[in-house]
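Report on the structure given below.
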Amino acid sequence: MKDTEVAVQPGSVESDPSVHIEVSKNGPYIVKGVIPLHVQTIVANAEGKSWTYQQGREFAVKDGTALCRCGHSKNKPYCDGSHVHAGVDLTETATFAPMLDGAQEIDGPHYSLTDNEAYCAFARFCDNGRQIWNEVQMHGEQHEKLSVYMAQHCPAGRLLIWDRGTGAPVEEPLPVSLSLLEDPGEHVSGPLVLRGGIRVQSADGDSYEIRNRQALCRCGASSNKPFCDGSHASIGFRDGL
Ligand code: FES
């Protein structure tokens with residue numbers, strides 16, 4: 001690791017530093033330390049909108065486990081070396097700048113919303129009610145609670161809610177975990193979701209901002225690698241799990 005100090009997003013807490021993810025050059029994610037890994041399926045509500053997660057099958061992870069990020073492994077979620085011949089460009093293109101640098105801010109009566117669309121994992125929790133961008137500007141406890149709920153369920157951390165009174169993010173540090181997101185509403189598989197302030201180290205040794213909620217591309221198609229940008233939906237990525 002080259003960094004002397006790694007940025008931590010407000011509201012996030014870095015996990016045990018021995019636990020982190022290393023992005024290998026044109027290759028898989030390497031898990032450092034032992035982190036629980038499960039399938040996690042988006043569950044829709046009666047309106048057909050993404051509402052909660054259902055935890056599924058567990059996969060074994062040990063220190064040094066390699067996880068596929070090109071989308072071509074025949075042994076997902078693990079790497080089987082397919083990236084060598086898959087012809088997928090896995091070059092990291094994301095910025096190391098804090099996510100808030102590129103975020104738009106929308107102010108409501110009680111809360112503010114910050115939104116950096118480049119990190120959208122297309123999980124659609126933000127579409128409930130009249131959508132989070134409108135809900136946060138509406139008066140009333142019902143709209144405030146729904147705004148917080150939707151932001152906190154955004155797997156990628158694209159959306160953050162801030163208390164305008166205290167200036168602090170409304171964010172609870174999450175237990176450390178890895179999830180393989182499945183999206184039956186779109187009939188696709190999604191990113192590798194990291195929760196709990198897991199540091200992500202690029203192939204050149206620098207680390208990205210540490211955040212409570214992050215989504216890493218595992219389909220190989222993102223334009224914001226190593227992060228998911230929702231492209232898995234447009235290419236119809238299926239992991240077969
Ligand atoms: S998994 Fe979402 S863009 Fe690749």
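Counting starts at 1 for both ligands and their atoms, following the listed order.
Within a 6.0 Å sphere centred on CZ of Arg130, other residues, nucleotides and ligands contribute 12 heavy atoms or fewer.
Taking backbone and side-chain atoms together, Cys219 has no N/O/S atom less than 2.8 Å away from atom 2 (Fe) of ligand 1. Residue contacts to atom 4 (Fe) of ligand 1: Cys217 brings an N, O or S atom closer than 2.8 Å.
The ligand atoms of ligand 1 that sit less than 4.0 angstrom from a heavy atom of His232 are 1 (S), 2 (Fe), 3 (S). Atoms of ligand 1 found under 4.0 Å from any heavy atom of Pro191 (numbered from 1 in listed order, with element): 1 (S). Interface of Asp229 with ligand 1, defined as ligand atoms under 4.0 Å from a residue heavy atom, comprises 3 (S). The atoms of ligand 1 that sit less than 4.0 Å from any heavy atom of Ser231 are 3 (S). For ligand 1, the atoms closer than 4.0 angstrom to any heavy atom of Arg218 are 1 (S), 4 (Fe).
Between Ile30 and Pro28, some side-chain heavy-atom pair lies under the 4.5 Å cut-off. Residues Arg57 and Leu180 have side chains not in contact (no heavy-atom distance under 4.5 Å, counting atoms from C-beta outward).
The pair Arg218-Glu182 counts as a salt bridge, with a side-chain nitrogen and a carboxylate oxygen less than 4.0 angstrom apart.
Between the side chain of Ser50 and the main chain of Ala123, a donor-acceptor pair closer than 3.5 Å is present.
Side chain to side chain, Tyr149 and Glu135 fail the donor-acceptor criterion of an N or O pair below 3.5 Å.
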